[in-house]
Structure formats: structure tokens, C-alpha cells
Q: 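Take this structure first; my questions come after.
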There are 2 protein chains.
Amino acid sequence: MRQNPARRAALLDAAIEVLAREGARGLTFRAVDVEARVPNGTASNYFDNRDDLLTQVGHRFYERLEPDPGVMAAVLEGPRDRDRVTELMHDLVDRVSHFRSGYLALLELRLEATRRPELRRLLTERIRADVDANISHHVQAGLPGDATTVVLLYLALNWLILERLTLPDIFPEDQIHALVTDVVERILPGPRRAT
Amino acid sequence: MRQNPARRAALLDAAIEVLAREGARGLTFRAVDVEARVPNGTASNYFDNRDDLLTQVGHRFYERLEPDPGVMAAVLEGPRDRDRVTELMHDLVDRVSHFRSGYLALLELRLEATRRPELRRLLTERIRADVDANISHHVQAGLPGDATTVVLLYLALNWLILERLTLPDIFPEDQIHALVTDVVERILPGPRRAT
DNA sequence: GGCGTAGTACTCTGCCTGTAGTGGTTGAAC
DNA sequence: GTTCAACCACTACAGGCAGAGTACTACGCC
């Protein structure tokens, strides 16, 4: 089992791309080797088996999603009203949508988690932490809405992104934007701008 | 190319089960043969190739999801207020959740649609029709809320179901129930019971 | 009796895994 | 500064395995 961390990370990033592009069906050691432009058999040297690979991909995904200090700090600026939340949600949706391969890979992992207990444990832990972090961050930033608000935004926006990335013609691009605004308006009642 | 419609349907139903259980990775002609308890090579005789198989699975899925007249009629009974909507949404979530293999198979198909234009066209068409039908049905039944309401319920509840089916420990079962109520309460403002 | 299909059996192919072996690089010890 | 050891990249290969597809036989229905 080789140890070179940079190479391991490169292999995992390649695996994310393969997952998104070819699906779970296409995720083989060989495909990872090719995607990472690395000699055949390299992935075999870094991962015990497919299960090991998938679990490490899960870890890697969240490693790459580590909080962006800039974005976090930006939330603390500006007003704390509903229009601000709308802005933040637009940013969020756009940011996640732009990491298309990552998002699709995560969906593949979710489906794989259905049959791999260890992967399921990992994803459950990370996603729950993510939701909790969103809630406390939202509340502590003094933004309007409670924990339930944040969870409902999480639900609706996630499916909206999924729809956008898998079947983009269901909701055309301009409608997506309007829908994000609608989501916040309906889920977060109250005045638009702080009075 | 064999024609027997009953056998074809049985093969497609088997394919749905395989998709849900083994994922897109496990969906091979052989696996379908085994699942349908049919001799090896049969699926080869019924489908040109993998693409053909997947597209027909998409058709079959929606064939099986044809409107349930009983459920449709039930909506027209009882009051037309928010509590009624909450009830209906609870029923909906439970009904869809119970067709676990179908829902998971559809998710697999969505991801496959990312790389198969024909499948994407098919799913786009059927899902858009589904959303539109939900909207007109809701409005014509005189239930409170407009088209946007229905779309937002669609978004939030779909992700809730996905969460429930793929990572059940994120939101424990009792919380799911409460969340459905929350979703309706927040998205559909107004009095609980008709006055 | 003929058409279509179920069922059997077999081959061919291609891909994937895992590993052995070699050469090179780096880092440490002296 | 030289030597040695450890690690790793890379090549090449063997073995395996499952799946696709197809001839062929048998059977039932019209």
C-alpha cells in the first residue's frame, strides 16, 4: 500500500470525475488510473478494493468542501433580513451547481451507500454535520428564521439543484433563479428588508 | 427480436429491481435474466443493447405509475384547507417511500440520463408532465395554494424522500413525519382549517 | 405443418484485477 | 560527499471472470 498523499489525493479527485462522468458503473481502478494519467495498476497499489476506494472518495469529497473562510465571513456582513438570505441562497445554489462533478459524484455515492454500510455511516455523519453547521451558522449570524427554516431550505434547494444538474429542461435556467427566490419567500415569511 | 409483451414487461420489472438493488453497475442482461428467472440470453433477445433496455425501463416505470383512480378521487373528498393538504402530503410521501425500488431505480435512471440523451428526453418529458399534472390537479381540486406552491412542495418532499431512502439516519423516522407537516405549514401560509 | 418463441449450451471477447520485477529518486547516516 | 536503504513510479504480464451474443433444439399455438 503506497503512501504518497499527493498522489492519493490526485487519484481520488480523478475518481470523483469518473464517478460523475461514467457513473458508479464506470468507476474501476483502471478508469481511475486513466483519468489521473497514471500507469495502469497504480490505483490497485493505493486502495485495497472498491469499497475502500469509495469510502476514501467520500472523505476526499468533504475534504474539498471544507468551509471557505471568505464566504463564511461574507455572511456576517450586510443586513440580516430576508433579502439577504435570498442573496445567500442564490450564491449557494450557483456555487454548488458549478461543482457539477462533485455533486453528481455525491449522488452516486448516496446510491452506493444503499448497499455499503460503511459508506452509509460515513455519509450520514458528514451530511448531518453539514446540516447542523448550516443551522448554527445561520442562527448565530442573526439571519431570520429558525432551525426548521434552514432544514426546509436545504431540502428544497437540494432537489432544485439535482433537477438542474440531471434534467436541466424541467426548469429552464431563468426559472431556476425565480424558484430560488420563491423558495426563500415562501419558507421564510416576514418583511423583505429589515425595517 | 422477440415480441411477447408479458415477458417483456416481466423483464423490465426485473430490471427495475436490479437497478434499485445493485445500481446501474449491476444492470446487465445477465442480471435481468436471473432476476426474472428466465434463461440466460433472454434479455439479449428482447433488447438491442443497454441503451434500449434503459429507455424501456423508463417507459415501464411510468407505465406502472399510472394514476391510481382511487387516490385521485379521494382528493376530491373532504375539506379544501391546509390540514387537508398536509394529510395528502403525508399519504404521498408514504406511498412513494413504499415503492422504494421504483424510486431508487428512477434516481439511477436520472444519473444515467446525464450521459444518455434519449433517456434524458424521455425522463424530462414524463417528469414535466407529472409536475404539470400535479399542479392542475391541485388547483382544480380547489386546494389552497397556487402553481408555485405545488412546485415547492414537489422540491422539498422529493429530497426528503431521497434522504429517507438513502441515508435514513439523517432524519429519524419520527422527524420525517414532523418535517412533512413543517413543509406544508411553511410553504402554504394561511389558516390551518377552513373557516 | 409452419411460424414464433422458450430454453440450452457454447464461444468469443474484452476488461479488470493484482502482482512481480526493475529502475530511479530521496533522505539519512556516517 | 558518498553510500545505503527505503520507497515509489512504471512496465509488463497472467489469470480470471462475467457478460454478450448466437446457433440450435424443442415446443406450443394457430
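Lettering of chains follows the sequences in order, A, B, ..., and the numbering in each one begins at 1.
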Q: Identify, with sequence neighbours excluded, every residue that meets salt bridge (charged side-chain N to carboxylate O under 4.0 Å, His left out) alongside Asp52(B).
A: none
Q: Show me the pairs that pass side-chain hydrogen bond (donor to acceptor under 3.5 Å, both in side chains) and involve residues 25-40 of chain A, at least two apart or across chains.
A: Arg21(A)-Glu35(A)
Q: Mind checking what makes ring pair (Phe, Tyr, Trp, His ring centres under 6.0 Å) contact with His59(A), not counting sequence neighbours?
A: none
Q: Kindly compute the distance separating CG (Asp169(B)) from CD (Glu163(B)), expressed to the nearest 0.5 Å.
A: 10.5 Å
Q: Identify, with sequence neighbours excluded, every residue that meets salt bridge (charged side-chain N to carboxylate O under 4.0 Å, His left out) alongside Asp91(B).
A: none
Q: Below 3.5 Å is the cut-off: list the nitrogen or oxygen pairs between protein and nucleotides 25-30 of chain D, distance only.
A:
none

Q: Show your reasoning for whether salt bridge (charged side-chain N to carboxylate O under 4.0 Å, His left out) applies to Glu125(A) and Arg128(A).
A: CA-CA 5 Å; Glu125(A) 191 186 312; Arg128(A) 189 187 286 154; over 6 Å; no
Q: Working to the nearest 0.5 angstrom, can you tell me the gap between Arg110(A) CZ and Leu165(B) CG?
A: 10.5 Å
Q: Report the distance from atom CG of Asp52(A) to atom P of dT17(C), rounded to the nearest whole Å.
A: 13 Å
Q: Quickly, which of Leu122(B), Leu12(B), Asp51(B) forms a side-chain contact (heavy atoms from CB on, under 4.5 Å) with Gln56(B)? Name it, please.
A: Leu12(B)
Q: Base, backbone or nothing for each nucleotide of nucleotides 6-22 of chain D, written B, S, -, heavy atoms under 4.0 angstrom, 5' to 3'?
A: --SBSBB------BBBB
